[in-house]
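Single-structure report; data block below.
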Amino acid sequence: MPEKKITTDSGIEIKQLYCEPVAMTEKPGEFPFTRGVHEAMYRDRLWTMRQYAGFSTAEESNKRYHFLLSQGVMGLSVAFDLPTQIGYDSDHPMSEGEVGKVGVAIDSLEDMELLFKDIKLQDISTSMTINATGFILLALYIALAKKQGADVKKISGTIQNDILKEYAARGTYIYPPTPSMRIITDIFEYCSREVPKWNTISISGYHIREAGSDAVQELAFTLANGKAYLKSAIEKGLDINVFAQRLSFFFNAHNNLFEEVAKFRAARRMWAHITKELGATEPKAQMLRFHTQTGGSTLTAQQPKNNIVRVAMQALSAVLGGTQSLHTNGYDEALSLPTEEAASIALRTQQLIAFESGATHTVDPLAGSYYIESLTNEVEAAAWKLINKIDVMGGAVKAIEQGFVQEEIARAAYEYNKAIENGEKIIVGVNKFTVKEEAKTPVMKIDDSIRVTQSEKLKALRARRDAAKAQACLENIKRIAGTSENLMPAVIEAVEHLCTLGEIADTLRDVWGEYKG
């Protein structure tokens, strides 16, 4: 009988037995960083434990942040609602039905103050999952830090700010690619000078994976996007040895434990070579540092408590793969935003891995495994094949414009779902080991009245602000948009004079138009 063929989720064939030694001369903390970006990794410093949270109003989200901080999170991670993500104020007709639903509604500096009430920005690290309007949220954060009396050169955190994956996978873009890339390089330039501890972009494979890609595609398309950002900044005259130190990555963690570990290890090695080829000589500019979130699309509405185990496996893969930061999903997130109980269990999952599993006691614990080393090499080789195809097309922007990336993701998603439907791929509780009746899981509900509350706040804000000064700030942004001048100082001035997120976004819509996918 022929041996059954078994593959990873990316289609890489897995041998029955791995017994051929793989040469391992690399040390952790040294180029090309396959084994980790620090010499001692978690023996010296654990990853940052973040919990992604944001819903309803700034006041409600602030309560959740204080709860999470009291439970031991080491950094905050902010989720924004869809109107905030695509540049509409809460009172805009396009915002109806979406205010506060998948994240917190932020319209102005006053909302930002409420979001971080009694939280000193200089004392924490904040990650903000925001892209098309990332520059406005960064401006709001800087303005609030200044208002708190913080030294902005000491504030730390990350804005996602990765617009290319929006065109390819997620869809929350506003402007066409060229002005969008200009905003990103303006942020690189401004922050390298004024906010040097801020990570200016989190190049995101997470949403590429959520859209249906496999692990190899997630890796290849993410690094290809990163390469495009590097080239864009270099063309603007920025020094790769400076700005590349503040680039970070955001990866997904799925259930195929060993393939995920191999993906993370391969990512570091590949990025080191990409940056070196583009002129980086400083080790910190060659390092791939990354945040991981467990896979939202892997969570099941059926038997939702099974998701606690899925999240634990995924979180372990991130730790074994050397992540710098981690968010663990709530078990109920296939049903609603996480309840406080689910968020607490998710955080405890990280703490159990950190303090009870022993996974943190040595650097790169799976190093030298015949299987892991071989799989790392195979994942890398498959990802390079895709990147080389993209390079031939003219780079990530051209590949997205031609639909190549989108088609590849769609194909992988179709094949994966077909495997689930025909039973080739088993999802516990979904297509095998099912039950007829399930206990109801408590869910979190967001009240539609939040839009009314936010709209009233906006009306009051516009009535009491200096209208002439606000309008002058918006006119200044419009002027700068047509020049090569850096936008960030003007946007910071505008939010300080209570211009709203929607007003700033609309001002630039008037200049650049909207991208129509």
Side-chain angles (χ1 to χ4, degrees), residues 1-18 168-170 205-222 251-264 266-267 292-318 320-321 328-335 366 371-372 374-376 378-383 385-386 405-436 438 441:
M1 182 183 291
E3 184 184 312
K4 182 182 178 184
K5 183 178 178 181
I6 297 176
T7 69
T8 70
D9 288 345
S10 300
I12 296 169
E13 186 173 359
I14 303 170
K15 297 179 209 169
Q16 182 169 305
L17 185 65
Y18 286 78
R170 192 160 173 266
Y206 185 85
H207 303 99
I208 290 170
R209 193 68 175 278
E210 291 293 284
S213 81
D214 60 35
V216 167
Q217 291 172 327
E218 177 193 358
L219 176 57
F221 298 151
T222 305
F251 287 116
N252 210 314
H254 274 219
N255 292 328
N256 196 314
L257 180 76
F258 298 110
E259 184 175 42
E260 294 301 298
V261 174
K263 177 189 75 180
F264 298 134
T292 311
Q293 181 173 335
T294 56
S297 63
T298 69
L299 303 178
T300 63
Q302 301 92 330
Q303 301 176 34
K305 287 188 178 175
N306 291 345
N307 294 328
I308 296 172
V309 181
R310 290 188 178 101
V311 167
M313 287 193 301
Q314 294 163 8
L316 182 60
S317 77
L320 294 174
T328 32
N329 288 330
Y331 70 84
D332 54 0
E333 287 189 58
L335 301 167
L366 297 182
Y371 179 35
I372 283 295
S374 298
L375 192 53
T376 300
E378 289 184 88
V379 167
E380 179 180 2
K385 280 180 73 173
L386 275 173
V405 174
Q406 298 92 315
E407 287 169 13
E408 285 288 300
I409 294 170
R411 178 187 56 75
Y414 172 75
E415 293 295 335
Y416 186 78
N417 282 291
K418 188 170 73 171
I420 293 171
E421 287 172 10
N422 65 27
E424 183 184 336
K425 177 76 179 172
I426 292 170
I427 306 296
V428 174
V430 175
N431 62 356
K432 199 162 186 177
F433 313 113
T434 57
V435 293
K436 287 183 179 178
E438 297 187 30
T441 301

Task: Criterion side chain to side chain donor-acceptor pair (under 3.5 Å) on Asn256 and Thr8, from CA distance to verdict - done: CA-CA 7 Å; Asn256 196 314; Thr8 70; 5.3 Å; no

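- A distance of 12.0 Å separates NZ of Lys263 from CG of Leu375, quoted to the nearest 0.5 Å.
- With salt bridges taken as basic N to acidic carboxylate O contacts below 4.0 Å, none links Lys418 and Glu421.
- In this structure, Ala215 and Ser10 approach most closely via the heavy-atom pair N-OG, 3.1 Å.
- Annotation: side chain of Leu366 is not in contact with side chain of Tyr371 (no heavy-atom distance under 4.5 Å).
- Taking CG of Asn307 as the reference point, atom OG1 of Thr300 lies at 4.0 Å (rounded to 0.5 Å).
- Contact annotation: the side chain of Phe251 approaches that of Thr222 to within less than 4.5 Å [non-hydrogen atoms, C-beta and beyond].
- Asp214 has its side chain out of reach of Glu415: every pair of non-hydrogen atoms, C-beta onward, lies at least 4.5 Å apart.
- Contact check for Tyr331 versus Thr441: side-chain heavy atoms found under the 4.5 Å cut-off.
- Nearest heavy atom pair, residue Ala262 against residue Val379, reads CB-CG2, 4.2 Å.
- Annotation for Asn329 and Gly295: closest pair ND2-C, 3.6 Å, computed over non-hydrogen atoms.
- Remark: of the listed residues Gln314, His254, Arg310, Gln314 is the sole one forming a side chain to side chain donor-acceptor pair (under 3.5 Å) with Thr298.
- Annotation: Tyr18, atom OH; neighbour count of heavy atoms from other residues, nucleotides and ligands within 6.0 Å is above 12.
- Using a 4.5 Å heavy-atom threshold, the side chains of Gln303 and Val435 count as touching.
- In this structure, Lys425 and Asp9 have side chains that are in contact, with non-hydrogen atoms separated by less than 4.5 Å.
- Side chains of Arg411 and Gln217 form a contact here, defined as non-hydrogen atoms less than 4.5 Å apart.
- In this structure a side-chain-to-backbone donor-acceptor pair under 3.5 Å is present from Tyr206 to Thr294.
- Remark: of the listed residues Glu210, Gln293, Glu218, Glu210 is the sole one forming a side chain to side chain donor-acceptor pair (under 3.5 Å) with Asn252.
- Heavy atoms only, all atoms of each residue included: Ala211 and Ala413 are closest at O-CB, 4.0 Å.
- Atom NE2 of His207 and atom OG of Ser297 lie 11.0 Å apart (nearest 0.5 Å).
- Counting all heavy atoms, side chain and backbone alike, Thr328 lies closest to Ala315 at CG2-CB, 3.7 Å.
- Atom CD1 of residue Ile14 and atom CD of residue Glu259 lie 7.5 Å apart, to the nearest 0.5 angstrom.
- Nearest heavy atom pair, residue Ser317 against residue Glu260, reads OG-CB, 3.6 Å.
- Counting only heavy atoms from C-beta outward, the side chains of Ile208 and Ile409 approach each other to under 4.5 Å.
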- [ ] List the steps, then state whether side-chain contact (heavy atoms from CB on, under 4.5 Å) holds for Val216 with Ile12.
- [x] CA-CA 9 Å; Val216 167; Ile12 296 169; 4.1 Å; yes

TODO: Mind running side-chain contact (heavy atoms from CB on, under 4.5 Å) on Val311 and Leu299 for me, showing each step along the way?
DONE: CA-CA 8 Å; Val311 167; Leu299 303 178; 4.0 Å; yes

